[in-house]
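All figures in this text were calculated on a predicted structure; none of them were measured in a lab.
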Amino acid sequence: MIRLNDITSEILSYHPTADIGLIEKAYVYSAKVHKGQVRLSGEPYLSHPLEVAGILTNMKMDEVSVASGLLHDTVEDTLAELTDIEYLFGKEVATIVDGVTKISKIHFLSKEEQQAENIRKMILAMATDIRVLLVKLADRLHNMQTLGFQPYEKQELIAKETLDIYAPLAGRMGIYWLKSTLEDLSLFCLEPKIYADIRLGVAQRQEGQEKFIRDIKETLSKRLSEGNIQATIKGRNKHFFSIYQKMMEQDLNIDQVYDILAFRIIVNSVKDCYEVLGLIHSMWKPVPGRFKDYISLPKANMYQSLHTTVITPLGERMEIQIRTWDMDRISEEGIAAHWRYKEGDGSGKEMDRQYAWMRQLLEWQKSLTDPKEFLETVRLDLFSSEVYVFTPKGDVKELPKGATPVDFAYSIHSEVGNRCTGAKVNERIVPLNYQLRNGDIVQIITSKNHEPSRDWLYFVKTSTARTRIRQWIKKEERKDSLTIGRDILEKELKKVNLNLSRLLSSEQLLDVAHRFSIKTIDDMLASVGYGKISAKQILNRLVPHLEIKEDKLEGLVRKIVHRIKRKKEDTGIKVKGMGDMLIRFGKCCQPLPGEQVIGFITRGRGVTIHVKDCRYIRDVDPDRLVEVEWKRSEDVNYLARLKVTSVDKKGILANISAILTQNEANIVDAEVHTTIDKKGISTFTIEVSDYNQFKDIITKIKKIKEVLRVERI
């Protein structure tokens, strides 16, 4: 376990005037309130805040951050109050501790909602003080390092969240060593077999690679010396997660991945960077499309470097990064390299201009109320890798890889995006789903009468574009619902000789809206159009003595259901609160018992069942979604599709078939073919009883030595 002396010595090495008294006081307080608590590993709980503080000193953070690291769990896990922290350690420390503390005392309807609200709170706190995120990242790193003591289900949840949210956030902060470490730890938890294969594959090549690294460094050093360029050359294996990504993207196994080495050349000036690049390209053939200039076009987090990939005389690909010492420091330390000790100020409230992405997150957390939509938007933004394109005037726009002209249009202004009818790239007309490339010059064609299309949601890549399109669709749907609701209510009012226009100018209708907990009359009319409330319900509150009989089945969903034929055969699905009705299963996701499902009302055709995270229902009208649940049903089987990629070898098909037979899965259809690179692709449609049986089959097929990949279609 790290000691307090190690922490104070480290911080004094880079910040000699640090207030060590604050850190010592925080240590004593943390030890006092955590006394008697132990972690799942059996260690005293104090070991965790100490390790977090140690990680923060490795990041070269100030004494307020380190003290906050020692105190970060006190409010959540002990009897300590936030007011105590502020009284004893000041407002800065209290703000950071509060930002890191989870919203553990509020009841949420789902884990997803809880996760979304925790991230919302962290984003708000980040806007006040960026050190909130740095302490949270240090906390998450140590939790990932000790994840093995958690139950497997919790390990999986934490690792997925780390890969989805915290590793990309570390990258956005420019702390790439932390990003890579979090990714590797997540891979170890989520894909232990693949992790072990990569580790073994890298270890088996170790001896040959060490000689290769020595030879390359000697060759480079000699050539750079001849050019009178002083440089430091480093060679290393790529991180396991980046190797894993390449394996997945190109459908390779570890023996087929050759470019697992990366070299870094650090020089004294920007001029030297470009001279070194020229020398390297004269020595080895560069791979087309693999050169990136982040010096003239820095990343949003101020990362700068030249990246190139070359082919050695032995035919191996080799990645090389070239940068100055200042660039290397920023790459290693991220925001800590920019950190200013705010003597006399200390508020930490100013956000540097390079964190424009954080301001975007703040905007989304205000405008996106649906937890699922908010989380999806954050993930989409954090995972994006960059492509740089130009406006006709020469201004640079940074967009995620795969971005389209529609994304470009929305990056200029929401109105440009909404009115986009076409685009020219490099003076040539392109379709709106064209994927932009580095260096493209993009011109947007607009029309005043044009409106966004729902189809754009299927190809846009930026969260900004996706959010703006959804907002437009919701706005238009509301207009339609308002018109429909007004017509429905007007017809009902005429039956009892009442005039809607007169009522709109009186307080009566507004009073009725308030009785439904609706703020405005327009909101109430839209609710009638959506089918959430009926016109007869409004009439009964307007004229109570009429006692008009209300529809037994209210709302759009129930009215549609009322007209649907019932299907008697057992489907294993129950629509909550609606009895028997026509049930169909979505062909897009083919849900199985045991998976979380949702029902989608299809007018006149019953309820279609989808997996909750199915892409098809992501952007549908939420008023047409209904809660459904699985019910016990004997002798009901469900179709599932399975794709197996393997080495093309005799006996593989027989082994897979044997596993399916042993697990009582009936093969309905099978299709097998061989690729040019001697891989076997087998696609099976099978009957299974539930999701657990299907998962068990996948696990067993993965254990076949020659199998490279198993996936559900």
Measuring from [X]:[atom1] to [Y]:[atom2], what's the distance to the nearest 0.5 Å?
X    : Y    : atom1 : atom2 : answer
Y152 : L157 : OH    : CG    : 10.0 Å
L432 : S453 : CG    : OG    : 9.0 Å
Y87  : L82  : OH    : CG    : 15.5 Å
Q537 : L539 : CD    : CG    : 10.5 Å
R486 : I521 : CZ    : CD1   : 9.5 Å
T78  : E76  : OG1   : CD    : 10.0 Å

Shortest non-hydrogen separation from [X] to [Y] and the atoms involved:
X    : Y    : value
M524 : L509 : CE-O, 3.7 Å
D407 : A465 : OD1-CB, 3.5 Å
A526 : L482 : N-CD1, 3.9 Å
V132 : I96  : CG2-CA, 3.8 Å
G599 : V628 : N-CG2, 3.8 Å
P168 : T162 : CD-O, 3.9 Å

Does the [X] side chain pair with the main chain of [Y], one donor and one acceptor, at a distance under 3.5 Å?
X    : Y    : result
D77  : T74  : no
R466 : V460 : yes
Q155 : Q150 : yes
Q693 : S689 : yes
T421 : I445 : yes

Would you mind reporting whether [Y] and [X] have side-chain heavy atoms less than 4.5 Å apart?
X    : Y    : value
V75  : E81  : no
T446 : I444 : yes
Y410 : W456 : yes
V611 : Q596 : no
V430 : K424 : no
L592 : R712 : yes
V442 : T391 : no
E153 : E156 : no

Starting from the C-alpha separation in whole Å, work towards a yes-or-no answer on side chain to side chain contact (heavy atoms under 4.5 Å, CB included) for I697 and I686.
CA-CA 11 Å; I697 288 167; I686 59 176; 4.2 Å; yes
Trace of the side chain to side chain contact (heavy atoms under 4.5 Å, CB included) decision for Y434 with T404:
CA-CA 5 Å; Y434 168 85; T404 65; over 6 Å; no
Parallel under 30°, tilted from 30 to 60°, perpendicular over 60°: which one fits the rings of F585 and W630?
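The rings of F585 and W630 lie parallel, inter-plane angle below 30°.
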Could you tell me how the ring of H610 sits relative to the ring of F600: parallel (under 30°), tilted (30 to 60°) or perpendicular (over 60°)?
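It falls in the perpendicular class, over 60°.
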Looking only at side chains, do D98 and T101 share a donor and an acceptor under 3.5 Å apart?
no
Using only heavy-atom distances, determine whether the side chains of Y638 and D690 contain a donor-acceptor pair under 3.5 Å.
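D690 and Y638 do not have a side-chain donor-acceptor pair below 3.5 Å.
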Using a strict cut-off of less than 4.0 Å between a Lys/Arg side-chain nitrogen and an Asp/Glu carboxylate oxygen, indicate whether [X] and [Y] qualify as a salt bridge.
X    : Y    : value
R419 : E415 : yes
K612 : E595 : no
E161 : R140 : yes

Applying side chain to side chain contact (heavy atoms under 4.5 Å, CB included) to T467 and R470, what does each step give before you reach the verdict?
CA-CA 5 Å; T467 303; R470 281 176 175 162; 5.9 Å; no
Assess whether atom CD of E451 is packed by more than 12 heavy atoms of other residues, nucleotides or ligands within 6.0 Å.
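It does: E451 CD has more than 12 such atoms within range.
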Report the C-alpha distance between S411 and T462 in whole Å, list the side-chain angles of each, state the deciding distance to 0.1 Å, and finish with yes or no for side chain to side chain contact (heavy atoms under 4.5 Å, CB included).
CA-CA 9 Å; S411 75; T462 61; over 6 Å; no
